[in-house]
Protein chains: 2
Amino acid sequence: MENQALGPPADLDALYHAMSDPTRRAVVEQLVAGPAAVSELAGPLPISLPTFLKHLKVLERSGIVRTEKQGRVRTCHLQPERLGPAEDWFASQRRRMERRLDRLADLAEDLERNPQ
Amino acid sequence: MENQALGPPADLDALYHAMSDPTRRAVVEQLVAGPAAVSELAGPLPISLPTFLKHLKVLERSGIVRTEKQGRVRTCHLQPERLGPAEDWFASQRRRMERRLDRLADLAEDLERNPQ
DNA sequence: CTAATAGTTAGCCATATGGAAAACCAAGCG
DNA sequence: CGCTTGGTTTTCCATATGGCTAACTATTAG
């Protein structure tokens, strides 16, 4: 449930930190459409290339993006399997919360049926 | 900024930022079990109360936790409906990615069947 | 009324983050 | 070879973050 033995340690800190910035989410949304070179990704964005590179490094540290250089072009790919754990933590909390609320509702019903 | 008509409104910033810290995730995991007072939440944690309060404010800004004070006790509640959007963004990206990979697989199959 | 309890404010500090400009490689092209 | 293109490194800046202590306010228990 926690660590699925995929690449680097699936650390939620880095993952959620990576996704907490709109620029970086935009990059991910681009990469969903397919791999892209650094300049293709940076082009439309209103920030300088070096600044973009910092964002890219944050994404790489989080494991959500992998990059490789061929010649002078660095291509960026999304690692879809890293999206799972991020989604899972939220889903897990939500489910636990719902179960609790259900139990609470049951209890309330019992009390109503069988008042003290 | 450049929101490309993809995904929900960008208060995801605050949400993901809130979840990028282990202390704050621990608080959320506690609150899933039910509402709790500030000191109950802060007690087990290895940080000072003022520091804890800062974390709590981050959680409140993100909308994931609501608090109310009665007498001298401030009680913290989880807002489960805020967990949904956070989960959804990831789910949405993952699904888009999967669809793309499926199309790609189909294409590869076609090529194999019908080589150029 | 006094004292303990539960938070809150106010400083202070070190590090991290997001941003920019400038100068610097290295791979291709003509 | 020399120029251009695509990245990279370095340096610098302002602000945010996470942590602390100390001092303060406001309830409530005795």
Side-chain angles (χ1 to χ4, degrees), chain A residues 8-9 11-31 34-78 86, chain B residues 1-3 10-31 34-78 86:
Chain A
D11 118 315
L12 291 177
D13 282 28
L15 246 168
Y16 290 138
H17 170 66
M19 305 325 289
S20 73
D21 180 280
T23 296
R24 292 190 292 259
R25 283 197 307 277
V27 170
V28 170
E29 296 189 357
Q30 272 306 306
L31 287 180
V38 165
S39 42
E40 286 172 338
L41 291 169
L45 299 174
I47 60 177
S48 70
L49 229 210
T51 299
F52 174 81
L53 280 210
K54 282 203 208 171
H55 285 294
L56 189 57
K57 265 179 207 127
V58 172
L59 286 167
E60 287 192 74
R61 271 208 311 268
S62 82
I64 223 169
V65 168
R66 182 177 42 90
T67 80
E68 49 184 331
K69 199 167 178 177
Q70 240 201 55
R72 56 183 168 169
V73 172
R74 177 174 297 277
T75 308
C76 311
H77 313 254
L78 200 61
Chain B
M1 272 227 171
E2 324 297 283
N3 231 340
D11 55 348
L12 288 178
D13 282 29
L15 245 168
Y16 291 139
H17 171 242
M19 305 325 291
S20 72
D21 179 281
T23 296
R24 291 191 291 260
R25 283 197 308 277
V27 169
V28 170
E29 296 190 357
Q30 272 305 306
L31 286 180
V38 165
S39 44
E40 285 172 341
L41 291 169
L45 299 173
I47 60 178
S48 70
L49 229 211
T51 299
F52 174 81
L53 280 210
K54 282 204 208 174
H55 285 294
L56 189 55
K57 267 180 205 126
V58 172
L59 286 167
E60 286 192 73
R61 271 207 312 269
S62 83
I64 223 169
V65 168
R66 182 176 43 86
T67 80
E68 50 184 330
K69 199 168 178 178
Q70 242 201 50
R72 57 184 169 173
V73 171
R74 178 175 297 278
T75 309
C76 311
H77 312 253
L78 200 60

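Naming convention: chains lettered A, B, ... in sequence-line order (proteins, then strands); numbering from 1 in each chain.
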Okay, side chain of A/Tyr16, backbone of A/Ala86: is any donor-acceptor separation there less than 3.5 Å?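 Side chain of A/Tyr16 to backbone of A/Ala86, a donor-acceptor pair under 3.5 Å: yes, one is there.
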Would you find a donor on one side and an acceptor on the other, under 3.5 Å apart, between the side chain of A/Arg24 and the backbone of A/Ala18?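 It does hold such a pair.
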Contact under 4.0 Å: A/His55 side-chain N or O vs C/dT17 OP1/OP2: no
So does A/Ser48 get a side-chain nitrogen or oxygen closer than 4.0 Å to the phosphate oxygens (OP1/OP2) of C/dG19?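 For C/dG19, neither OP1 nor OP2 has a side-chain N or O of A/Ser48 closer than 4.0 Å.
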Under 4.0 Å, counting only non-hydrogen atoms across every strand here, what does A/Thr51 touch: a base, just sugar-phosphate, or nothing?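 The answer is base, as A/Thr51 lies within the cut-off (heavy atoms under 4.0 Å) of a base atom.
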For A/Ser39, which contact category applies under a 4.0 Å heavy-atom criterion: base, sugar-phosphate, or nothing?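 Sugar-phosphate, backbone atoms only, no base.
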Would you mind reading off the distance between [X] atom [atom1] and [N] atom [atom2], rounded to a whole angstrom?
| X | N | atom1 | atom2 | answer |
| --- | --- | --- | --- | --- |
| B/Lys54 | C/dG11 | NZ | C1' | 10 Å |
| B/Phe52 | D/dC20 | CZ | C1' | 17 Å |
| A/Glu60 | D/dG7 | CD | C1' | 13 Å |
| B/Leu49 | C/dT5 | CG | P | 14 Å |
| A/Leu53 | C/dC25 | CG | C1' | 14 Å |
| A/Met19 | C/dT17 | CE | C1' | 17 Å |
| A/His17 | C/dG18 | NE2 | P | 5 Å |
| A/Asp13 | D/dG18 | CG | P | 10 Å |

Do A/Lys69 and D/dG7 have a side chain to base donor-acceptor pair shorter than 3.5 Å? no
With respect to the side chain of A/Ile47, which nucleotide from C/dA20, D/dG19, D/dG7 is positioned closest?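 When the side chain of A/Ile47 is considered, C/dA20 is the closest of C/dA20, D/dG19, D/dG7.
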When B/Thr51 is tested against each of B/Leu53, B/Leu49, B/Ile47 for side chain to side chain contact (heavy atoms under 4.5 Å, CB included), which residue passes? B/Ile47
Beyond-backbone contact of A/Met19 with A/Ile64, side-chain heavy atoms, under 4.5 angstrom: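 Sidechains of A/Ile64 and A/Met19: in contact.
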Hey, which sits more toward the 5' end of DNA chain D by its nearest nucleotide, A/Leu56 or A/Arg72?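 This one resolves to A/Arg72.
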Give, for atom CD of A/Glu29 and atom CG of A/Leu78, the distance between the pair rounded to the nearest 0.5 Å.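 Nearest 0.5 Å value for the CD-CG distance: 11.0 Å.
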5' precedence on DNA chain C between A/Val58 and B/Val73 (nearest-nucleotide basis): B/Val73
